[in-house]
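One structure is given here, and the rest of the page talks about it.
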Amino acid sequence: MEEKLYQKTPLFKSHKLHLEKGLNVFYKMECFQPTNSFKIRGMDAFCRFHVKQGHKNFISSSGGNAGYSMAYAGMKLNAKVKVVVPKTTSQFMKQKIETLNAEVLIFGDAWDDAHQHALQLSKTENAIYVPPFDDELLWQGHSTIIDECFDQMPQPDKLIVSVGGGGLLCGILMGLKKHGWNKTQIITTETKGAASFYESYKANKIIELKEIKTVATTLGAKKITPMALKLAKEFNISSFVMDDEIAIEATTLFAKEYNTLVEPACGAALSAVYFDYELITPNDTILVIACGGANQNFFN
Ligand SMILES: *Cc1c(COP(=O)(O)O)cnc(C)c1O
């Protein structure tokens with residue numbers, strides 16, 4: 001029970017980027033978690049807390065990495081997990097989730113439908129609803145990324161992180177505060193069709209996107225958590241938005257560098273160092289959160 005569900009991940013210095021461009025880039029390899037993404041850190045904190053309270057039934061509405069990590073946590077903690085996913089969820093992810101003994105229910109055309117159904121079910125079945133990004137326990141779990149970096153490297157000048165609903169960003173900023181790394185400059189990355197953080201940060205209030213239009217579906221939250229905006233005010237933040245093609249190209253370059261597949265959601269962050277944005281300079285120590293993603297495979 002006290003055994004952690006996530007791994008301490010390696011921090012790799014990019015020899016390629018050092019040799020080719022003189023950059024000092026460190027990748028925090030969250031793609032090497034047992035569920036291929038950092039999401040398991042949040043689920044570890046979330047599920048452990050609720051299991052200690054005596055709960056053994058969880059319902060998630062994510063057909064992506066949150067649902068997959070939830071299924072993994074449930075298997076490890078002997079809890080029952082249902083994952084409600086919309087029709088659009090790939091067969092590949094449904095099978096991955098089922099392989100971990102979770103029950104996959106298909107409901108509705110879009111995530112919002114699945115989400116409403118999961119909320120309803122959690123009430124009638126007296127189960128805990130598992131949010132994908134908007135929860136204090138999830139953020140605490142994600143903040144362990146920075147706990148590890150604190151032991152692995154000097155304070156970074158810049159930190160690059162992808163934003164979907166902003167749960168990862170909240171965890172990262174909480175971790176930086178905890179360790180007194182407040183002066184680290186934050187570069188957030190999103191693809192154009194999912195720029196909910198960019199829009200909200202610019203407007204200084206939560207903006208809801210009308211639609212999500214990107215291959216990086218993992219970043220596709222129409223609204224970020226208000227906490228991301230609140231914490232962002234305490235940091236020096238630059239918000240970047242790029243075309244899908246750039247994020248995809250970065251996943252290819254990363255695969256060439258480390259023989260490891262990640263989603264375009266992660267490629268968005270990687271692209272900032274591969275494609276020389278003006279914010280990146282050779283004098284900086286740069287930390288890139290290689291957030292990973294399981295919805296990517298060699299065979300299609
Ligand atoms: C969930 C996820 C994100 C985005 O995280 P948020 O907490 O929604 O901002 C980015 N990359 C990957 C691989 C993810 O699984």
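Throughout, numbering of the chain's residues begins at 1 and tracks the sequence. Atoms within a ligand are numbered from 1 in the order they appear, just like the ligands themselves. Scope of the values below: all heavy atoms of this structure, side chains included, with no hydrogens, waters or symmetry mates.
Counting heavy atoms from C-beta outward, Val288 and Leu270 have side chains that approach closer than 4.5 Å.
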Contact table ligand 1 N or O to protein N or O, d under 3.5 Å:
residue, atom, partner, partner atom, Å
ligand 1, 7 (O), Gly167, N, 2.9
ligand 1, 7 (O), Leu168, N, 2.8
ligand 1, 8 (O), Gly165, N, 2.8
ligand 1, 9 (O), Gly164, N, 2.7
ligand 1, 9 (O), Gly165, N, 3.2
ligand 1, 9 (O), Gly166, N, 2.8
ligand 1, 15 (O), Lys39, NZ, 2.7
ligand 1, 15 (O), Asn65, ND2, 2.9

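Formation of a donor-acceptor pair under 3.5 Å by the Glu190 side chain with backbone atoms of Met242 is not found in this model. Side chain of Lys82 to backbone of Leu105: no donor-acceptor contact under 3.5 angstrom is found.
Trp139 and Phe133 have their aromatic ring centers separated by at least 6.0 angstrom. Side-chain rings of Tyr27 and Phe254 approach one another, their centers coming within less than 6.0 Å. The six-membered or imidazole ring of His115 lies away from that of Phe107, with a centre-to-centre distance of 6.0 Å or more.
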